[in-house]
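This report refers to the structure that appears directly beneath it.
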Amino acid sequence: MLNLTLIRKLRIQQELTQTEMAKQLGLKTCSTYTRMENGNTKIKADDLEKIAQVLKTDIAALFEPTHQSASKNSKPVVKVQHDR
């Protein structure tokens with residue numbers, strides 16, 4: 001899942017306003033970028049690539065890591081295929 005909080009944090013760390021981000025991304029209005037950053041509009045792949053470039057990071061870094069939840073007592077599932 002895309003980490004919008006991290007995108008905002010990186011933008012602020014680089015002292016970029018939402019208006020400046022919108023200009024860097026070639027967007028017509030700041031409100032378009034604001035909706036993207038707030039999660040109200042889906043971010044297209046090409047816009048995401050531009051965001052990563054402006055924020056000087058890899059696209060992969062903008063995503064939350066996925067964790068597989070496994071309880072301590074759970075056992076791995078092994079599938080056995082029988083030949084007939």
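If you're wondering where the values come from, they're calculated on a predicted model, not measured in any experiment.
Between the side chain of Asn38 and the backbone N or O of Asn40, no donor-acceptor pair lies under 3.5 Å.
Separation of atoms NZ (Lys42) and CG (Asp47) is listed at 14.0 Å; rounding is to 0.5 Å. Gln18 contributes atom CD, which lies 4.5 Å from atom CD of Glu37 (distance to the nearest 0.5 angstrom).
Contact between Ala22 and Cys30 at its shortest, heavy atoms only, is CB-CA, 3.8 Å.
Ion pair Arg11/Glu20 not flagged as a salt bridge, since none of the NZ, NE, NH1 or NH2 atoms sits closer than 4.0 Å to an Asp/Glu carboxylate oxygen.
Cluster note: Tyr33 groups with Leu2, Leu4, Leu6, Ile7, Leu10, Leu16, Met21, Leu25, Leu27, Met36, Ile43, Leu48, Ile51, Val54, Leu55, Ile59, Leu62, Phe63 through ILVMFWY side-chain heavy atoms spaced under 4.5 Å, whether in direct contact or through intervening members.
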*Check the pair Thr34, Ser31 against side chain to side chain donor-acceptor pair (under 3.5 Å), reporting the backbone distance first and the verdict last.*
CA-CA 5 Å; Thr34 301; Ser31 62; over 6 Å; no
*Step by step, would you call Ile12 with Arg8 a side-chain contact (heavy atoms from CB on, under 4.5 Å)?*
CA-CA 6 Å; Ile12 292 169; Arg8 179 184 307 241; 3.7 Å; yes
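Applying the 6.0 Å contact sphere to CD of Gln13 captures more than 12 heavy atoms from other residues, nucleotides or ligands.
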